[in-house]
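Read through the structure below, which is laid out as structure tokens, and then see the notes.
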2 protein chains.
Amino acid sequence: MEKSKPNTKHLAFDLPKLHNLTMADQVELKLREYFKKKAFKPGDLLPKELEIAASLGVSRNIVREALSRLKALGLIETKKKRGMVLAEPDILGSFEKVLDPLIMPDSTLYDIFGLRLVLEMGLADVLYMYKTDQDIQELEKIVTKEKPDSEKFRIKNEIAFHGKLYAMTNNHTLMRFQSLLLPLFDYVVAFEKDHYKPGGVSHADLLQILREGTVEDFRKGMRLHLEPHFAWLEHLKNK
Amino acid sequence: MEKSKPNTKHLAFDLPKLHNLTMADQVELKLREYFKKKAFKPGDLLPKELEIAASLGVSRNIVREALSRLKALGLIETKKKRGMVLAEPDILGSFEKVLDPLIMPDSTLYDIFGLRLVLEMGLADVLYMYKTDQDIQELEKIVTKEKPDSEKFRIKNEIAFHGKLYAMTNNHTLMRFQSLLLPLFDYVVAFEKDHYKPGGVSHADLLQILREGTVEDFRKGMRLHLEPHFAWLEHLKNK
DNA sequence: AATCAAAATATGTAGTACAAAAAAGAACAG
DNA sequence: CTGTTCTTTTTTGTACTACATATTTTGATT
């Protein structure tokens with residue numbers, strides 16, 4: 001009898017399941033759209049939580065969850081108890097928050113190791129486009145400070161020298177990207193350490209090339225300088 | 001008289017203001033620590049919201065805000081109404097969410113344009129380390145499909161060919177990184193279009209080098225292939 | 001024992017309440 | 001009339017309760 005209409009709830013599936021999204025998801029999207037459409041600029045005050053909640057017809061809880069996400073992604077900032085403002089765009093801000101070697105599979109770690117080599121090898125042309133005499137002088141300072149026999153300071157030397165190279169590109173994003181990736185490099189290099197042998201081209205050699213050599217010389221020099229790392233990459237490949 | 005003890009509330013500042021963080025901030029940090037300390041693996045079920053709230057002594061709201069952030073960063077996933085699990089680590093997942101050219105300053109856009117050139121130029125050595133005969137064949141297929149006179153499909157050709165190059169590195173992170181950056185390249189290239197002239201080295205030429213040339217040949221070839229873009233970068237620099 | 005229904009769980013959402021900090025407004029003194 | 005101080009208002013931060021809904025578990029029935 002009544003069993004003749006079982007589970008009629010299933011009929012309700014058709015239309016509304018277009019939104020497989022939670023309210024918080026939808027509000028997050030709405031807010032993103034809104035910020036773009038209204039062409040907000042960094043520093044602009046956003047609507048109040050209650051206004052948003054009212055205008056979207058959701059509870060303040062939901063709005064806060066959505067805002068909390070945008071905050072986590074670095075898209076907005078809260079000014080204490082004053083209100084929220086659109087943050088200065090920083091595409092690497094959220095990147096930084098998930099960049100933890102401990103929660104990363106080894107494969108990704110190796111990928112990043114390879115990515116580093118790609119970046120370093122690709123630096124040459126941009127470097128030659130932007131380098132100045134002052135840059136060269138600063139590199140000299142860094143190189144003369146190096147203690148070639150100190151294994152302890154080798155990594156420090158590496159960071160100083162190569163970091164300066166990135167800085168010379170005048171590419172702030174690239175610079176920051178590299179500095180974020182650095183800790184992960186170290187992580188892989190720690191594995192590599194036992195196998196490590198200095199390449200045939202030193203920092204001083206690279207600097208000399210940078211002073212008087214061509215871009216192609218520099219590329220070749222960098223390749224030789226990175227030879228131990230490439231060897232390590234080859235080693236990883238064959239495992 | 002009573003005015004001698006004004007605003008005694010201010011005394012309460014001392015100890016607790018070590019935490020300039022909101023409860024949600026603190027819970028977020030606690031959860032991150034917890035996941036690492038407990039060495040959770042992807043797919044593991046996390047404690048229930050109420051358990052977390054109880055054990056940390058905060059309201060469920062706060063816990064939900066914190067979890068919502070971790071979700072936004074791609075660190076956890078919600079399995080419908082079953083519970084939450086640690087997500088497969090994906091360092092680029094959160095990156096993707098903030099990668100919108102419309103909310104990005106031009107300077108960052110230019111940085112990314114430069115970053116692309118660095119990546120492409122750095123590809124050579126890793127490419128030669130990993131390339132296979134099958135890769136070459138697939139590149140051939142791509143090249144032969146190109147219609148050299150069609151401005152309309154030029155960008156499509158570019159994407160197919162260069163995308164394949166990235167894929168050949170066997171570096172999944174690098175591949176994904178490039179594909180995320182692609183839309184931004186297009187955005188800058190749109191500005192560049194009026195000035196664009198094809199480089200002296202075509203995709204077919206690059207492929208030929210890849211087949212029979214040395215790594216150094218390929219670097220030089222790529223540099224020439226990218227010449228128009230480098231010229232555009234030079235142009236941007238002088239503005 | 002297998003199947004189907006009912007209860008227990010856990011997330012998703014709404015709503016209310018209040019504390020605290022900042023801003024805005026009002027009152028007062030010079 | 002102006003500047004300072006006090007009060008009120010606004011807005012975020014947090015807690016608590018309640019209920020809907022989907023999933024799992026348990027239990028009952030054949």
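Every chain is numbered from 1 and lettered A, B, ... according to where its sequence line falls, protein lines coming before strand lines.
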- Please identify each residue that fulfils side-chain hydrogen bond (donor to acceptor under 3.5 Å, both in side chains) with A:T173, with sequence neighbours left out.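 B:D111.
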
- Query: Who pairs with A:E138 by side-chain hydrogen bond (donor to acceptor under 3.5 Å, both in side chains), at least two apart in sequence or on another chain?
  - Reply: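 Residues passing side-chain hydrogen bond (donor to acceptor under 3.5 Å, both in side chains) with A:E138: A:Q134, A:K164.
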
- Mind jotting down which residue pairs meet the ring pair (Phe, Tyr, Trp, His ring centres under 6.0 Å) criterion with at least one end in residues 42-73 of chain B? Sequence neighbours excluded, please.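 Applying ring pair (Phe, Tyr, Trp, His ring centres under 6.0 Å) to every pair that reaches into residues 42-73 of chain B, excluding sequence neighbours, yields nothing.
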
- Task: Answer yes or no: does atom NZ of A:K30 have more than 12 heavy-atom neighbours from other residues, nucleotides or ligands under 6.0 Å?
- Result: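 Not more than 12 within 6.0 Å, no.
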
- Message: Looking only at the side chain of B:T78 (C-beta and beyond, no hydrogens), which of the listed nucleotides C:dG12, D:dT14, C:dT13 gets closest?
- Response: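 Among C:dG12, D:dT14, C:dT13, the one nearest the side chain of B:T78 is C:dG12.
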
- Item | With sequence neighbours excluded, residues passing ring-ring contact (aromatic ring centres under 6.0 Å, His included) with A:Y166 |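 A:Y166: no ring-ring contact (aromatic ring centres under 6.0 Å, His included) contacts found.
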
- Query: Under the ring-ring contact (aromatic ring centres under 6.0 Å, His included) test, which residues partner B:F177, sequence neighbours left out?
  - Reply: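 Residues passing ring-ring contact (aromatic ring centres under 6.0 Å, His included) with B:F177: A:F177, B:F95.
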
Just distance, no hydrogens or angles: give the donor-acceptor pairs under 3.5 Å from side chains in residues 35-46 of chain B, sequence neighbours left out.
{"unit_1": "B:K36", "atom_1": "NZ", "unit_2": "A:D100", "atom_2": "OD2", "d": "2.7"}
{"unit_1": "B:D44", "atom_1": "OD2", "unit_2": "B:K41", "atom_2": "N", "d": "2.9"}

Between atom [atom1] in [X] and atom [atom2] in [N], what is the gap in whole Å?
X	N	atom1	atom2	answer
A:E77	D:dT12	CD	C1'	16 Å
B:M23	D:dC16	CE	P	12 Å
A:L45	D:dT12	CG	C1'	13 Å

- Message: I need the residues from residues 60-74 of chain A with at least one non-hydrogen atom less than 4.0 Å from DNA chain C; give them sorted by number, or say none.
- Response: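 Result for residues 60-74 of chain A: A:R60, A:N61, A:I62, sorted by number.
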
- Query: What are the residues of residues 32-44 of chain A, sorted by number, that bring a heavy atom to within less than 4.0 Å of DNA chain C?
  - Reply: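 Those residues: none at all.
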
- Message: With the threshold set at under 4.0 Å for non-hydrogen atoms, list the residues of residues 46-59 of chain A touching DNA chain D in residue-number order.
- Response: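 Only A:K48, A:E49 qualify.
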
- Message: Just to verify, what does A:D125 make a salt bridge (charged side-chain N to carboxylate O under 4.0 Å, His left out) with, not counting sequence neighbours?
- Response: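 Scan of A:D125 (salt bridge (charged side-chain N to carboxylate O under 4.0 Å, His left out), adjacent residues dropped) gives A:R219, B:R223.
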
- Message: Show every side chain to side chain donor-acceptor pair (under 3.5 Å) that has at least one partner inside residues 56-70 of chain B, sequence neighbours left out.
- Response: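 Listed once each, the pairs are A:N61-B:N61, A:R64-B:E65, A:E65-B:R64, A:S68-B:R69, A:R69-B:S68, B:D25-B:R69, B:E28-B:R69, B:E49-B:R60, B:E49-B:R64.
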
- Item | Partners meeting side-chain contact (heavy atoms from CB on, under 4.5 Å) with B:N170 (sequence neighbours left out) |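 B:Y130.
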
